[in-house]
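Here the structure is laid out as structure tokens; the discussion comes afterwards.
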Amino acid sequence: WYDLDRNHDGLLDKNEFHKLLNRINLDPSSKTLFQDFQREQHIHGKQITYRQCMDLLNMYTQGAFSGNTQFSMGLALWNKTFGENEDYVSASAFWTFLKETQHEHDATLADVQALVSSVNSMELSRDESSLPVKEGHLSKFRFDCYLHHTINDAYHPDALVQSQDLSQSMSRYWINTSHNTYLTGDQLRSVSSVECYVRALQRGCKCLELDCWDGEIMEDGTPIPVVFHGHTFTSKILFQDIVNCVAAHVKAHSDTFPIILSLENHCSKPFQNVMALCLKETLGSALYVPSGSDTSDGDLPSPLLLRGKVVIKGKRPPEPDDEPVIATLSSVENVVAAEENDDDDDDPYSIHYIEVEKDKKSPTAPAAEEVSVKQSSKIVPELAQLTLFHGTKYK
């Protein structure tokens with residue numbers, strides 16, 4: 001607010017308000033949201049106060065304005081199942097939903113009545129201010145709350161009982177993994193949100209994906225790496241905000257099994273340096289920094305050993321003692337020529353040919369002469385040394 005309120009008069013106009021929406025990753029479907037609110041609240045003039053702005057945001061996130069169907073998939077499901085004009089559903093109708101839509105065939109009507117009573121006992125400020133609790137019925141907002149609550153988890157409670165050996169190498173286990181964790185919708189135009197990481201962690205996801213790209217450079221010269229689906233219209237969120245979210249989760253759940261940050265890194269070196277510094281300073285002792293033995297071909301640490309830690313997955317540059325690549329001179333010349341026209345969005349982990357040595361022992365003709373090729377990488381050492389899991393790209 002204070003950043004957008006440049007003249008510090010305590011007011012925001014329409015353009016400043018839409019900039020605020022972009023900052024908090026809200027994308028209203030209605031382009032007249034600001035004017036609709038002013039008209040409904042009988043606000044004269046072209047600006048709103050801080051309190052009015054907060055009221056507008058609360059009303060919008062609760063679906064008070066028409067066209068706001070993207071904010072809650074739960075309410076969209078309610079409209080499809082029970083009707084847009086219905087505010088409550090009976091325990092009997094909710095029972096039918098559980099059987100026909102959720103396929104929970106073991107639930108009895110008595111179970112459902114107890115479930116409705118339990119959901120109605122939850123504290124939900126927005127429901128209490130708009131739709132009061134109705135005995136034996138579930139409101140649309142509490143239905144949305146139920147869908148996202150742990151009582152609606154899609155696994156049997158018995159699965160929570162640990163019955164396997166977790167002292168083996170991490171590579172020997174299936175890991176609950178998220179793809180494009182930051183996206184609220186499709187991969188072309190949807191909104192990116194830190195809240196997606198919060199929900200993924202709350203649902204037990206242990207591997208989060210971050211597509212990292214160069215963002216802006218601050219006035220003091222500090223690079224700001226961002227996360228979004230590159231070369232699309234998806235919105236951007238700060239790498240720092242995601243790391244803050246993960247740090248808060250680990251602090252609140254110190255005995256969690258390791259959280260893996262899968263970095264799809266498209267950043268240039270200055271931005272990678274900032275990423276490495278962000279990970280170390282924000283996560284502190286919770287960040288697992290691998291030793292030399294961890295990054296070799298031996299077994300990885302076990303889930304028990306990594307409990308309460310954040311682990312980085314990515315790609316490391318070639319090790320100093322890696323064997324050189326053998327190729328023909330003509331093929332290397334083609335690659336070197338391509339490197340001269342390198343694109344900023346190129347994979348920072350791709351192989352780059354930096355030194356060519358002729359194999360004097362080769363009896364072949366000059367055009368097909370074998371050469372020894374040394375490899376380098378665009379990844380910075382500061383980030384590489386934090387990487388435990390070395391990703392492999394298949395083509």
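Side chains are part of it too, since the values below use all heavy atoms of this structure and drop only hydrogens, waters and symmetry mates.
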Taking only residues two or more places apart in sequence, or in another chain, which ones meet H253 in a ring pair (Phe, Tyr, Trp, His ring centres under 6.0 Å)?
H249
Apply the hydrophobic cluster definition, ILVMFWY joined by side-chain contacts under 4.5 Å directly or through others, and give me every member besides F271.
I217
Out of curiosity, M54 CE to T49 OG1, how far, rounded to the nearest 0.5 Å?
11.0 Å
How many angstroms lie between atom OH of Y146 and atom OG of S139, to the nearest 0.5 angstrom?
14.5 Å
F143: which residues meet the ring pair (Phe, Tyr, Trp, His ring centres under 6.0 Å) condition with it, sequence neighbours left out?
W78, F82, F97
Only one of S235, S190, S192 passes side-chain contact (heavy atoms from CB on, under 4.5 Å) with T184, and that residue is S190
Got a second to check how far N265's CG is from L210's CG, nearest 0.5 Å?
10.0 Å
If we only count heavy atoms from C-beta on, is the L56 to Q52 side-chain gap below 4.5 Å?
no
Between the side chain of R307 and the main-chain N/O of D255, is any donor-acceptor distance below 3.5 Å?
yes
Any donor-acceptor N or O pair under 3.5 Å, side chains S92, S90
no
Treating D144 as the side-chain partner and F141 as the backbone partner, does any N or O pair qualify as donor plus acceptor under 3.5 Å?
no
Is there side-chain contact between V116 and Q113, with at least one heavy-atom pair below 4.5 Å?
no
For Q102 and N152, does a side-chain donor sit closer than 3.5 Å to a side-chain acceptor?
yes
Y173 meets the ring pair (Phe, Tyr, Trp, His ring centres under 6.0 Å) criterion, sequence neighbours left out, with none
Heavy-atom side-chain contact between T232 and R189 under 4.5 Å:
no
side-chain hydrogen bond (donor to acceptor under 3.5 Å, both in side chains) between H266 and E264, worked out:
CA-CA 7 Å; H266 303 271; E264 184 175 311; 3.0 Å; yes
Single hit among V311, L261, L263, L287 for side-chain contact (heavy atoms from CB on, under 4.5 Å) with L386:
L287
Could you check whether any side-chain heavy atom of Q47 comes within less than 4.5 Å of a side-chain heavy atom of D9, counting everything from C-beta outward?
yes
Counting only heavy atoms not in D220 (residues, nucleotides, ligands), do more than 12 fall under 6.0 Å from its CG?
yes
Donor-acceptor pairs are to be reported for all side-chain atoms of residues 277-286 against protein atoms at under 3.5 Å, with residues two or more places apart or in another chain.
from : atom 1 : to   : atom 2 : distance (Å)
T282 : OG1    : Q240 : NE2    : 3.0
T282 : OG1    : C278 : O      : 2.9

Rounded to the nearest 0.5 Å, how far apart are NZ of K140 and CZ of R142?
14.5 Å
Counting N and O atoms only, with roles assigned by atom type, does the side chain of N180 sit under 3.5 Å from a partner on the main chain of L183, one being a donor and the other an acceptor?
no
Y288 and L388, any side-chain heavy atoms less than 4.5 Å apart
yes
Is a donor on one side and an acceptor on the other found under 3.5 Å between the side chain of S169 and the backbone of L300?
yes
Return yes when atom NZ of K99 has more than 12 non-hydrogen atoms of other residues, nucleotides or ligands closer than 6.0 Å, and no otherwise.
yes
Side chain to side chain contact (heavy atoms under 4.5 Å, CB included) assessment of I260 paired with I175:
CA-CA 10 Å; I260 302 170; I175 300 175; 3.8 Å; yes
So, is the end of the K14 side chain (NZ or CZ) under 6.0 Å from the ring centre of F34 and within 45° of the ring's axis?
no
Cation-pi, Y88 ring and K134 (6.0 angstrom, 45 degrees):
yes
Looking at CD of E86 and NE2 of H137, how far apart are the two atoms once the value is rounded to the nearest 0.5 Å?
10.0 Å
For the pair N120 and S117, evaluate side-chain hydrogen bond (donor to acceptor under 3.5 Å, both in side chains) and give the outcome as yes or no after the intermediate values.
CA-CA 5 Å; N120 282 336; S117 177; over 6 Å; no
State, with a plain yes or no, whether a side-chain heavy atom of V274 is found less than 4.5 Å away from one of F239.
no
For residues P258 and K206, determine if any side-chain heavy atom of one lies less than 4.5 Å from a side-chain heavy atom of the other.
no
Student check: side-chain heavy atoms of V119 and L138 closer than 4.5 Å:
yes
Pairwise distance SG(C212) to CD1(I242) - rounded to 0.5 angstrom
7.0 Å
Any residue meeting side-chain contact (heavy atoms from CB on, under 4.5 Å) with S254, in chain and number order, not counting sequence neighbours
none
